[in-house]
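Presented below is the structure to which this report refers.
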Amino acid sequence: MNVATNVTGSNGTHPRPAPSAAPRRTVVPRVDVYENQDEVLLFLDVPGVAAGGVEVELDKEELRIRARRQDDAPTGPDYERAFRVSPGIDGSKVEAELTNGVLRVRLPKADALRPRKIQVKAS
Amino acid sequence: MLTRFVRLEPRFGAFDELARRLFVDWDADVPSTAEAFAPRIDLREEGDKLVLTLDAPGVREGDLDLEVKGNLFTLSGQRKLEAPKGYTARRQERRVLEFARTFDLPCEVDAARTTASLKDGVLTVTLPKTPEAKPRTIPIRAGGQS
């Protein structure tokens, strides 16, 4: 299973400015991880990145997030981080959204992992 | 009198254990704490203006204050972090940002024409130099025996 997710955001794609003298460095972005019974939510700080610059890829159990900066801040880095997720994540439903330099990734759990309520029937 | 001590210990059931293992970081090479409290700032000179860029992910316009006075430029701001409701936090590396910095600029800038924009979590401030601060070309007159 290899799922590349399109990122929706306020901006469309815009071209990267001409490469400056020094290549950008790549840093590991900070992340907050939240979970409820239905999904895992990730928030990553990726300032300078617009919607067109984000790549979210789930390949088997590896979730890889790459974000390329598109502004012209001279020392601003690109971002890359990988996570291992259990097979319990439904790869076809992964979503990502970018707002003000914060990337939110939704990883819905597969149905089998969700706790189910069992109805008790009155006899 | 009988006092009972009740020890409250976190207990992880099977599901909780599974949930904790659902998300394992691949590489935990995280930037230092110092970097978190001092957001990245570039200040550069571009001809007749100074341009400052600041990484401010998740910061809203209303959370920023800018002030220009002569050649002093003060920038302060903050971002709050709100945990989504109904979720359990598994990892929290992102910090509340709170910063205030005053820059002693290399020249006087025109406060009235200073502009600031916030886009994709980056603040860009353009500070035009005052006419006095711009370099002037001084013509050299041919002198001597004229």
Side-chain angles (χ1 to χ4, degrees), chain A residues 9-11 14 27-51 53 61-65 67 69-77 79-89 98-104 106-107 109-110 113-115, chain B residues 13-33 35-36 39-46 51-61 63-64 79 81-97 117-124:
Chain A
S10 51
N11 301 296
H14 52 155
V27 300
V28 177
R30 287 175 169 268
V31 67
D32 283 352
V33 180
Y34 293 94
E35 183 176 354
N36 69 5
Q37 59 180 29
D38 297 324
E39 63 184 9
V40 176
L41 263 187
L42 268 62
F43 293 89
L44 296 103
D45 283 341
V46 292
V49 175
E61 292 181 24
E62 189 187 302
L63 176 76
R64 190 164 284 276
I65 296 168
R69 206 176 177 104
Q70 276 137 327
D71 66 352
D72 56 357
T75 65
Y79 310 91
E80 185 166 346
R81 191 155 183 178
F83 304 92
R84 193 169 60 222
V85 295
S86 89
I89 295 296
L98 198 56
T99 314
N100 296 333
V102 178
L103 179 68
R104 193 185 74 149
R106 282 189 62 216
L107 303 163
K109 294 181 189 174
L113 271 188
R114 292 185 199 172
Chain B
F15 179 74
D16 226 297
E17 179 61 27
L18 178 72
R20 279 191 298 144
R21 276 191 285 117
L22 209 53
F23 214 85
V24 183
D25 207 340
W26 206 255
D27 43 8
D29 182 19
V30 173
S32 71
T33 311
E35 200 171 328
R40 194 197 56 79
I41 292 176
D42 284 332
L43 179 62
R44 61 189 191 274
E45 197 169 353
E46 283 184 3
V51 179
L52 178 137
T53 52
L54 164 86
D55 278 353
V59 174
R60 273 161 276 190
E61 282 156 40
D63 295 334
L64 284 167
R79 90 159 163 187
L81 286 177
E82 284 157 29
K85 281 189 182 124
Y87 287 80
T88 307
R90 296 287 172 205
R91 179 179 299 218
Q92 288 175 302
E93 295 170 358
R94 296 165 69 231
R95 304 292 166 103
V96 167
L97 290 180
S117 71
L118 193 58
K119 186 169 177 286
D120 298 329
V122 177
L123 174 74
T124 303

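A note on names: the letters A, B, ... follow the listed sequences, proteins ahead of strands, and every chain is numbered from 1. Bear in mind the structure is a predicted one, so any value in this text is a computation, not a measurement.
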Can you name the side-chain hydrogen bond (donor to acceptor under 3.5 Å, both in side chains) partners of A:Thr99, sequence neighbours left out? none
With sequence neighbours left out, what residues match B:Glu46 under side-chain hydrogen bond (donor to acceptor under 3.5 Å, both in side chains)? B:Arg44
For the residue pair B:Asp42 and A:Gly76, what are the closest heavy atoms and their distance? OD2-N, 4.2 Å
Please report the closest heavy-atom contact between B:Pro57 and A:Gly101, naming both atoms and the distance. CB-O, 3.5 Å
Choice from B:Thr88, B:Leu118, B:Leu81, B:Val122 maximising heavy atom contacts with chain A below 4.5 Å: B:Thr88
Contact leader toward chain A among B:Pro84, B:Gly58, B:Ala56, where contacts are heavy-atom pairs under 4.5 Å: B:Pro84
Residue part contacting chain A, namely of B:Asp55, when any heavy atom lies under 4.5 Å: both
Do B:Arg40 and A:Pro77 have side chains that get closer than 4.5 Å, going by heavy atoms? yes
Do B:Glu93 and A:Val28 touch side chain to side chain, with heavy atoms closer than 4.5 Å? no
Please report the interatomic distance CD(B:Gln92) to CZ(A:Phe43), rounded to the nearest 0.5 Å. 10.5 Å
Once rounded to the nearest 0.5 Å, what's the spacing between atom CZ of B:Arg79 and atom CG of A:Asn100? 11.0 Å
Using the rule side chain to side chain contact (heavy atoms under 4.5 Å, CB included), only one of B:Arg94, B:Arg90, B:Arg91, B:Arg95 pairs with A:Asp32; which is it? B:Arg94
So which residue, A:Val46, A:Val49, A:Leu44, ends up with the most heavy-atom pairs under 4.5 Å with chain B? A:Val49
